[in-house]
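Below: one structure, written as structure tokens.
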Amino acid sequence: MSQEIFTLTPMQNTTTPPTLETLFAGERGRLVRLCTRFTGNVDVAEDLAQETLLEAWRHLHTFDQENATQPENWSRWLSAIAHNVCKRWVREHYHNAAHIALFAATVEGDDEPSLVDLLPGDETIEIELEREEMAHLLDRALALLPPSVREVLIERYINESSHAEISERLGLSEDALVQRLHRGKLALRRVISTQLGDEVTAFGITIANDDQAQLATRIWCPLCGKGQLIKYYDASDNRTGFTCPECWHVASLSSPNIWQGIKSPKVILARQLSWLGDHYWRPIHTQQATCIECGYSADYSIYQSYYAPVQYSQNDQPGICISCAHCGHVEANGLPHMTLDIPEARQFWRQHPRMRWLPGHEIDYAGRPALVSGFQSISDAARLDVIIDQATFKILSIRER
């Protein structure tokens, strides 16, 4: 194949986005890496990436222009074209290799590999072609993790940095890093086996459930109101939790004595939220925090948007962070969960089983900066507003309407 590099030349079509050439050029390196994974040959991958861009240019009219403003849509489209290009190459490559082997066998005797030996099974080709989809699936799973957990997993297992390098870069002790890596792997496994379970199964991968039992419930997620919660048990740290297949975790604890002897998922969740509400709201009321891991006194702080060391689903919302100098554990609870944890919100949820969280926004309340966070019933117009002091996070007012 030719190694000539393809350069886009502007066409007379005035509807072509002005940044298309730059966008395609920026995608070329990623396409080369993708094609290399399929072929195992970087020189071939260069040609296949070039062929992908040529095909994309020829079939530009088939791309949905409504999606043209989002770079990730271009990436998905180009990846799909690259898959087809690679698939053709794989089939041609093995077809040509088979003919060469067959010719050699007729000349040199029966010691050469046969046609059947060289032709891969369909499943071999499919595995090669699914690698990129698996990479995308892993990217999606990582994106669902808290940023600090995602960061250490990427550094350790993708960038292959040493523990010492990661600890120095993030300002963590090695013990704290090991704990965070352990928790990160558990969280990643949980996301893959619950929120992405159907897609993982489509790849023929089975997540062992020996230590992680799951139970679909009829409890609507109080944060998004779209999915019904999944109750899970993780034996590795004796943790029971509830997660939503549409958004993120609602609650989890490794303290089964709190719901000892209770089987009802709804009651277990209610007790967890009550315990967590006391745990996270106590520092705001008493200025005293306790580490959820070791039980020692811990430091706490109120963080504003984008500044949490650990965050859960809504990463653009403020919340409370608790950090322990004794064991190095750091945790945070954002505004959505903090609002859900108050008794009035739980009572509102009992009255309106299907509700959704209303994203917090800033207001002026009695001359001071405040936040409004609350819940809206999906079945009727009922609404709960919680007004919180922006600096101290103390509750200023609760209104139901």
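Side-chain atoms are counted along with the backbone in the values below, which use heavy atoms only and exclude waters and symmetry mates.
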Nearest-0.5 Å distance, [atom1] of residue [X] to [atom2] of residue [Y]:
X: Leu396; Y: Lys394; atom1: CG; atom2: NZ; answer: 10.0 Å
X: Arg169; Y: Leu177; atom1: CZ; atom2: CG; answer: 11.0 Å
X: Glu293; Y: Ser254; atom1: CD; atom2: OG; answer: 6.0 Å
X: Gln317; Y: His337; atom1: CD; atom2: NE2; answer: 12.0 Å
X: Leu335; Y: Leu340; atom1: CG; atom2: CG; answer: 11.0 Å
X: Gln287; Y: Thr392; atom1: CD; atom2: OG1; answer: 9.0 Å

Between [Y] and [X], is there a side-chain heavy-atom distance shorter than 4.5 Å?
X: Leu371; Y: His361; answer: no
X: Gln228; Y: Ile219; answer: no
X: Phe242; Y: Cys221; answer: no

Name all pairs fulfilling the salt bridge (Lys or Arg N to Asp or Glu O under 4.0 Å) condition that reach into residues 274-287, sequence neighbours left out, sorted by first residue then second.
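Qualifying pairs, neighbours excluded: Asp278-Arg282.
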Tell me the salt bridge (Lys or Arg N to Asp or Glu O under 4.0 Å) pairs involving residues 242-254, sequence neighbours left out?
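For residues 242-254, and leaving out neighbouring residues, there are no salt bridge (Lys or Arg N to Asp or Glu O under 4.0 Å) pairs at all.
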For salt bridge (charged side-chain N to carboxylate O under 4.0 Å, His left out), just list the numbers for Glu27 and Arg30, CA-CA rounded to whole Å, side-chain angles, deciding distance to a tenth of an Å, and then say yes or no.
CA-CA 5 Å; Glu27 285 286 328; Arg30 186 184 67 82; 2.8 Å; yes
Residues Met338, Ile320; criterion side chain to side chain contact (heavy atoms under 4.5 Å, CB included); working and verdict
CA-CA 8 Å; Met338 290 293 290; Ile320 182 172; 3.6 Å; yes
Polar contact flag, side-chain donor to acceptor under 3.5 angstrom, Glu331-Tyr280
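Indeed, the side chains of Glu331 and Tyr280 share at least one donor-acceptor pair under 3.5 Å.
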Does either side chain, that of Arg239 or that of Ser252, offer a donor lying less than 3.5 Å from an acceptor on the other one?
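On atom types as modelled, these side chains qualify, holding a pair under 3.5 Å.
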Under-4.0 Å salt bridge between Arg28 and Glu46
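The answer is yes: the pair qualifies as a salt bridge.
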Glu400/Arg383 salt bridge by N-O under 4.0 Å criterion
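The answer is no: the pair does not qualify as a salt bridge.
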In this structure, which one of Arg399, Gln376, Arg401 forms a side chain to side chain donor-acceptor pair (under 3.5 Å) with Asp385?
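Looking at Arg399, Gln376, Arg401, the match for Asp385 under the side chain to side chain donor-acceptor pair (under 3.5 Å) is Arg401.
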Which residue, Leu384, Ile387, Ile388, forms the side chain to side chain contact (heavy atoms under 4.5 Å, CB included) with Ile398?
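Testing Ile398 for a side chain to side chain contact (heavy atoms under 4.5 Å, CB included) against Leu384, Ile387, Ile388 leaves exactly one candidate, Leu384.
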Full working for side chain to side chain contact (heavy atoms under 4.5 Å, CB included) between Ile395 and Ile342:
CA-CA 10 Å; Ile395 295 175; Ile342 66 174; 3.9 Å; yes
Just jot down the ring pair (Phe, Tyr, Trp, His ring centres under 6.0 Å) partners of [X], sequence neighbours excluded, or say none.
X: Tyr365; value: none
X: His279; value: Trp275
X: His326; value: Tyr296

Enumerate donor-acceptor pairs with a distance under 3.5 Å from any side-chain N or O in residues 255-265 to protein atoms, sequence neighbours excluded.
from: Ser264; atom 1: OG; to: Lys266; atom 2: N; distance (Å): 3.4
from: Ser264; atom 1: OG; to: Val267; atom 2: N; distance (Å): 3.4

Please find the pair of heavy atoms, one from Leu78 and one from Leu31, that lie closest to each other, and give the distance.
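That closest heavy-atom pairing would be O-CD2, 4.0 Å.
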Of all the heavy-atom pairs spanning Leu269 and Leu229, show the shortest one and how long it is.
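Residues Leu269 and Leu229, closest heavy atoms: CD2-CD1, 3.7 Å.
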Quick check: are there more than 12 heavy atoms from other residues, nucleotides or ligands sitting under 6.0 Å from CD of Gln347?
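Count over threshold, so yes.
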